Amino acid sequence: MAAATGNKPKTSPKAVKFLFGGLAGMGATVFVQPLDLVKNRMQLSGEGSKTREYKTSFHALSSILRNEGLRGIYTGLSAGLLRQATYTTTRLGIYTILFEKMTAVDGTPPSFLMKALIGMTAGATGAFVGTPAEVALIRMTADGRQPPAQRRGYTNVFNALLRITREEGVTTLWRGCIPTMARAVVVNAAQLASYSQSKQALLDTGYFSDNIFLHFCASMISGLVTTAASMPVDIVKTRIQNMRMIDGKPEYRNGLEVLVKVVRSEGFFSLWKGFTPYYARLGPHTVLTFIFLEQMNKYYKIYFLAS
C-alpha cells in the first residue's frame, strides 16, 4: 500500500514567500510608475467641479511630459517602491501562506469563497502596513499639478515621511487608512481570487499549460475585474490622502463625504475617473507581479527544493 503519506509537497520558507512577494511588486512598479502618476493626477483633476484638468490619459501624460520633463513621469518612484516593499510584501506573503494552509493534503485548492476571504485578510493587513508609503506616493505624484508656491517639494519618500511626521504629526502617516484598507479588501478579494480562478478556468479548457502566457491571460482578466470593482474606493483614498487643512479643518471629514461631493459636483461616473490609466497600470502591474512571482518560485524550487 503505497498510500499517501499525508505530507504536502515541500514549499519555500515563509521569509522567502514574503521576500518574493515584495520583489515581484517592486519589479512591476519600475515599469508602471508613469501610469500610476497619470491615474492619481486624473483622479485629482477637476476636484469639486465638473471641469476636468485632463481630457484623456494621453492628454495627462503629454501635459506632464511638457511641463515636468521625462523625469517628471517617474515622480514618486521611491514612494512607489517603498509601498511595494511594505504593502505587497505583506499581502502576497500572507496570501501565499494562508492559501497553502487551506490547500488539502491531496493538493485540492481552496474554494473561490475561501480564496476571496484569504485575499481580503491579506489585503487589509498589507494596506495598514503600507499606508505611510501610500500617503507619500499620493502627495509626491500630485505635487506637480500645483503652482510652484503651493508644492510640498518632497525630494524622496524618506524626506516625505520625515516632513509629514514633523509638520503634521505621526498619525498623518496613516491618514486615509480606513479607505486604503477598504480598497485593499476589494482589490485583493477581486485580484487574488479572480487570478487564481481565471488561471484554473483557463487550464480546465485544455488550451493552456502552466506557463507565462497562461499567467498573462489570467492576470489581464483579474486586472479588469479588479479595476471595475475598486475604483470608487480608490478615488476616496486618493482625495483623502492628498487633502490639505483649510482654516484648521480637513477638506473632508470621511470617505462618505468624499463620495457624496464627487457624485454631486462631478457626476456619478466620476467615481471611475481615470479608468483607462488605472486599468493600464493595474493590468500590467498584475501581470508583471504574478509573472515575476511565478518565475521566482519556479527557480527557487528548481535550485533549492529539488532533492
Side-chain angles (χ1 to χ4, degrees), residues 2-28 83-131 177 180-204 208-211 214-215 218-219 221-223 225-226 229-230 285-307:
T5 61
N7 294 325
K8 293 182 183 179
K10 284 197 293 184
T11 62
S12 53
K14 291 181 176 62
V16 172
K17 290 182 175 67
F18 279 78
L19 175 65
F20 284 178
L23 288 176
M26 291 171 78
R83 178 179 179 272
Q84 295 302 321
T86 50
Y87 168 64
T88 302
T89 298
T90 304
R91 77 176 179 113
L92 285 181
I94 289 175
Y95 182 81
T96 306
I97 290 165
L98 292 178
F99 188 93
E100 287 183 358
K101 283 188 179 296
M102 298 299 172
T103 298
V105 175
D106 64 1
T108 304
S111 66
F112 180 81
L113 178 59
M114 184 54 68
K115 287 173 191 167
L117 289 173
I118 292 171
M120 287 188 279
T121 302
T125 309
F128 181 81
V129 173
T131 295
C177 183
T180 301
M181 291 175 72
R183 172 193 174 275
V185 166
V186 174
V187 165
N188 285 277
Q191 185 186 65
L192 295 172
S194 62
Y195 175 78
S196 297
Q197 202 70 13
S198 300
K199 187 176 164 187
Q200 249 175 260
L202 291 172
L203 279 171
D204 289 345
F208 292 84
S209 56
D210 197 350
N211 55 26
L214 170 70
H215 305 156
S219 296
I221 295 169
S222 172
V225 172
T226 306
S230 65
H285 194 276
T286 305
V287 170
L288 291 167
T289 298
F290 281 116
I291 286 175
F292 289 153
L293 187 60
E294 298 266 11
Q295 293 306 301
M296 284 189 283
N297 283 329
K298 173 184 169 183
Y299 286 107
Y300 186 87
K301 286 175 184 173
I302 290 172
Y303 292 109
F304 297 99
L305 297 181
S307 57

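In this text, all values refer to a predicted model and were calculated from it rather than measured experimentally.
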Rounded to the nearest 0.5 Å, what's the gap from [atom1] on [X] to [atom2] on [Y]? Could you check?
X      : Y      : atom1 : atom2 : result
Ile94  : Thr121 : CD1   : OG1   : 8.5 Å
Lys199 : Asp210 : NZ    : CG    : 4.5 Å
Thr125 : Tyr87  : OG1   : OH    : 10.5 Å
Gln197 : Ser111 : CD    : OG    : 9.0 Å
Thr90  : Gln84  : OG1   : CD    : 11.0 Å
Tyr95  : Ile118 : OH    : CD1   : 6.0 Å

Would you indicate whether Phe208, at its atom CZ, is surrounded by more than 12 heavy atoms from other residues, nucleotides or ligands within a distance under 6.0 Å?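 Correct, the count exceeds 12.
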
May I have the step-by-step check of side-chain contact (heavy atoms from CB on, under 4.5 Å) for Met114 and Phe99, ending in yes or no? CA-CA 9 Å; Met114 184 54 68; Phe99 188 93; over 6 Å; no

Contacts of Phe292 that satisfy ring pair (Phe, Tyr, Trp, His ring centres under 6.0 Å) - sequence neighbours left out: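 Scan of Phe292 (ring pair (Phe, Tyr, Trp, His ring centres under 6.0 Å), adjacent residues dropped) gives none.
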
Do you know which two heavy atoms are closest between [X] and [Y], and how far apart they sit?
X      : Y      : value
Ala122 : Arg91  : CB-O, 3.2 Å
Thr88  : Gly21  : CG2-O, 3.2 Å
Leu202 : Ala218 : CD1-N, 3.8 Å
Gly123 : Ala184 : O-CB, 3.2 Å
Val185 : Ala124 : CG2-CB, 3.9 Å
Thr289 : Gly25  : OG1-CA, 3.9 Å

Using only atom types and a distance under 3.5 Å, with no angle test, would you say the side chain of Thr86 pairs donor to acceptor with the backbone of Arg83? yes

Plane angle bin for Tyr299 and Tyr303 - parallel if under 30°, tilted between 30 and 60°, otherwise perpendicular: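 Ring orientation, 0 to 90° scale: parallel.
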
Between Tyr300 and Phe20, what is the ring plane arrangement, given parallel below 30°, perpendicular above 60°, and tilted in between? perpendicular

Apply side-chain contact (heavy atoms from CB on, under 4.5 Å) to residues Phe128 and Thr180 and explain how you reach the verdict. CA-CA 8 Å; Phe128 181 81; Thr180 301; over 6 Å; no

Do Ile291 and Leu288 come close enough that some side-chain heavy atom pair is under 4.5 Å? no

